Amino acid sequence: MELQNNTGTKPTHVDILLTHIGQLLTMNHDHDQPVTGEQMNHVPMLEDAVVGIKDGRIAYIGQMQDQTTQQIKSDQMIDCKGKLVTPGLVDPHTHLVFGGSREHEFDLKLKGIPYLDILAQGGGILSTVEMTRRATEDELYDKATFHLERMLSYGMTTIEAKSGYGLDRETELKQLRVVKRLQQEQDTDIVSTFLGAHAIPKEWKQDPDGMLDLMIDILDEVKREELAEFVDIFCETGVFTVEQSKRYLAAAKDKGFGLKIHADEIDPLGGTELAAALGATSADHLVGSSDNGIEQLAANKVTAVLLPGTSFYLGKTEHARARTMIENQVSVALSTDFNPGSSPTENIQFIMNLAALQLKMNPAEVWNAVTVNAAHAINRGHSVGQIREGWQADVVLWDAPNYQYIPYHYGVNHVNTVIKKGKIKVVRGCRQDEF
Ligand code: NIG
Ligand code: FE
């Protein structure tokens with residue numbers, strides 16, 4: 001493969017050449033850490049740029065006027081007409097694999113019945129558990145593929161996917177095996193998380209600690225079959241307490257898993273502090289995080305994964321305090337939380353709109369949160385979320401003149417073309433260069 005390297009060798013022939021890029025967000029901050037504080041307000045970019053792709057990788061980054069650029073030959077040219085090009089987006093928190101849907105509970109929600117009340121009555125997550133237990137592995141695979149393809153059409157080329165709609169050994173493993181098959185057969189990169197402690201089904205209502213013992217036991221099988229990298233728990237009123245979450249996550253850490261936690265989503269219980277104390281890779285939701293919790297996240301380098309779509313969909317007036325987090329040097333990432341209950345959407349672009357409007361994140365911060373920091377939230381900060389020579393070619397061309405345009409113009413899909421691992425996967429954009 002001809003790649004530019006430190007000795008200055010340039011490729012002469014590439015598979016795809018993207019030319020006349022108005023803004024190329026490389027998101028390359030020249031270090032390999034998550035981005036924090038003032039740095040989040042900076043978007044590394046090249047204007048009037050060119051990107052060459054060869055053998056699935058970024059082979060060349062340059063500018064139109066460079067002499068080397070003039071000499072490159074390409075099998076396929078894409079004239080970007082002054083538009084925006086970015087890395088493929090990374091979604092670090094999805095519940096991708098589940099049976100059915102929950103529109104039959106939508107009326108209850110609209111009547112004002114709270115999310116946790118629906119769950120306490122055996123609905124919510126537990127409805128999806130019923131449907132997931134009944135579904136075959138093939139049915140789950142086909143349905144997840146549908147959602148995955150829709151995610152790709154919105155520019156998401158790497159995602160995390162959680163189990164958590166089985167709550168028994170058989171179904172949890174079934175969900176994780178579906179993820180494994182998706183990893184093998186689909187182009188989208190998927191990072192797998194075991195969320196066996198997602199809710200308490202009726203058979204464990206009287207003995208949640210017994211259920212956690214079972215889930216800890218399942219972890220050995222998960223490890224042996226390499227079915228997940230991370231372990232997650234829903235630490236919430238009526239689900240698992242901070243103490244239970246601590247015991248469970250500590251056991252998962254001992255077994256060599258990375259940690260994630262649904263923390264302080266609805267009630268502020270202190271899951272944020274727990275994530276920091278255990279050295280979790282990410283703490284997710286964080287609507288009710290305390291000042292101390294936020295400081296602890298920064299001190300322990302835990303990435304905050306914020307899910308404004310969930311607050312929006314649950315009709316909450318309070319939102320995660322992104323500004324306080326950024327001011328306190330917490331690395332902030334964004335995600336859809338795609339799931340059938342609290343956030344049924346595959347549209348990360350809408351989440352970017354919400355992050356700007358509700359979390360008061362500026363466009364530069366939003367872009368760092370869906371690329372570099374999202375990649376770090378799933379331990380992929382060294383391979384995706386940036387456009388760098390030698391890195392996998394996950395690239396999105398947008399029908400937009402600049403990066404501010406995406407969080408600004410809301411509710412529609414701005415994707416023109418998605419390239420995953422050097423293959424053109426989605427072409428849907430408009431031809432013209434005016435917006
Ligand atoms: O992240 N909070 C727990 N889990 C999901 C919702 C899952 C569901 O409602 O099906 C969440 O909000
Ligand atoms: Fe979630």
Side-chain angles (χ1 to χ4, degrees), residues 91-106 108-109 113-133 135 140 143-144 147 159-167 171-172 175 191-201 230-241 245 259-269 271-272 275 280-288 303-316 318-320 333-346 348 351 354 374 377-378:
D91 189 330
H93 181 141
T94 85
H95 302 253
L96 176 70
V97 180
F98 55 87
S101 52
R102 303 228 289 273
E103 65 276 19
H104 58 282
E105 290 178 3
F106 198 52
L108 294 177
K109 172 186 155 62
I113 316 247
Y115 178 81
L116 289 179
D117 289 8
I118 298 176
L119 177 62
Q121 289 159 24
I125 294 173
L126 296 175
S127 300
T128 302
V129 167
E130 282 310 307
M131 293 183 264
T132 307
R133 286 179 179 176
L140 292 176
K143 181 167 157 55
H147 296 302
I159 66 155
E160 182 255 21
K162 302 175 193 297
S163 68
Y165 292 115
L167 312 181
T171 320
E172 286 295 319
Q175 278 190 277
V191 173
S192 180
T193 296
F194 176 68
L195 178 58
H198 191 196
I200 305 173
F230 289 98
V231 169
D232 193 348
I233 187 165
F234 190 15
C235 178
E236 187 57 71
T237 306
V239 195
F240 296 103
T241 65
S245 305
L259 305 184
K260 293 181 164 287
I261 177 168
H262 281 66
D264 301 326
E265 173 180 354
I266 297 164
D267 292 334
L269 302 184
T272 312
T281 303
S282 76
D284 301 33
H285 287 289
L286 311 180
V287 175
T303 296
V305 175
L306 306 185
L307 309 131
T310 309
S311 305
F312 166 78
Y313 200 77
L314 294 180
K316 300 280 176 196
E318 62 277 21
H319 294 277
L334 288 164
S335 156
T336 56
D337 194 15
F338 171 68
N339 73 70
S342 66
S343 189
T345 183
E346 298 93 337
I348 188 86
I351 304 304
L354 286 177
I378 49 173

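Read the numbers this way: they start at 1 and go in the same order the structure lists the ligands and their atoms. Nothing here was measured: the structure is a model prediction, and the numbers come from that model.
When only non-hydrogen protein atoms are considered, atom 4 (N) of ligand 1 lies nearest to His198 NE2, 2.8 Å. Among all non-hydrogen protein atoms, the one lying nearest atom 12 (O) of ligand 1 is Ser342 OG, 2.6 Å. Summary of contacts: the protein heavy atom closest to atom 6 (C) of ligand 1 is Tyr115 OH, 3.0 Å. Looking at atom 11 (C) of ligand 1, its nearest protein heavy atom turns out to be Asp337 OD2, 3.1 Å. Ranking protein heavy atoms by distance to atom 2 (N) of ligand 1, first place goes to Glu265 OE1, 2.7 Å. Ranking the protein heavy atoms by distance from atom 7 (C) of ligand 1 puts Tyr165 OH, 3.2 Å first.
Every N/O-N/O distance between Thr310 and ligand 1 stays at or above 3.5 Å.
Looking only at side-chain heavy atoms (C-beta outward), Lys143 and Phe98 come within less than 4.5 Å of each other. A 4.5 Å side-chain heavy-atom check between Leu119 and Val239 finds at least one atom pair inside the cut-off. Annotation: side chain of Val287 is in contact with side chain of Ser311 (closest heavy-atom distance under 4.5 Å). Here the side chains of Phe240 and Ser245 are in contact, with some heavy-atom distance below 4.5 Å.
For ligand 1, the atoms closer than 4.0 angstrom to any heavy atom of Ile125 are 7 (C), 8 (C), 9 (O), 10 (O). The distance from ligand 1 to the heavy atoms of Arg102 drops below 4.0 Å at these ligand atoms: 8 (C), 9 (O), 10 (O). Applying the 4.0 Å criterion to heavy atoms of Asn339 picks out, from ligand 1, the atoms 5 (C), 6 (C), 7 (C), 8 (C), 9 (O), 10 (O), 11 (C), 12 (O). Here is the list of ligand 1 atoms found below 4.0 Å of a heavy atom in His93: 1 (O).
Between the side chains of Glu265 and Thr310, no donor-acceptor pair of N or O atoms lies under 3.5 Å. With no hydrogens or angles considered, no side-chain donor-acceptor pair links Asp264 and His285 at under 3.5 Å. For Thr193 and Asp232, the side-chain atoms include no donor-acceptor pair closer than 3.5 Å. His262 and His198 share no donor-acceptor pair across their side chains, judged by distance under 3.5 Å alone. Residues Asp337 and Ser343 bring no donor and acceptor atom of their side chains to less than 3.5 Å of each other.
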Output, in order, the C-alpha distance, side-chain angles, deciding distance and verdict of side-chain contact (heavy atoms from CB on, under 4.5 Å) for Glu172 and Leu167. CA-CA 6 Å; Glu172 286 295 319; Leu167 312 181; 4.0 Å; yes
Which is it for Thr336 and Thr94 under the side-chain contact (heavy atoms from CB on, under 4.5 Å) test, yes or no, and what are the steps along the way? CA-CA 7 Å; Thr336 56; Thr94 85; 4.1 Å; yes
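Within the 4.0 Å heavy-atom shell around ligand 1 one does not find Phe98. Contact analysis leaves Thr128 out of contact with ligand 1, as no non-hydrogen atom separation drops below 4.0 angstrom.
Seen from the Fe ion (ligand 2), atom NE2 of His93 and atom NE2 of His95 lie 100° apart in angle, a value rounded to 10°.
Taking 2.8 Å as the threshold, Asp337 counts as a candidate ligand of the Fe ion (ligand 2), since one of its N, O or S atoms lies below it. Here His285 fails the criterion, with no N, O or S atom under 2.8 Å of the Fe ion (ligand 2).
Counting heavy atoms closer than 4.0 Å to ligand 1, residue Glu236 contributes nothing at all.
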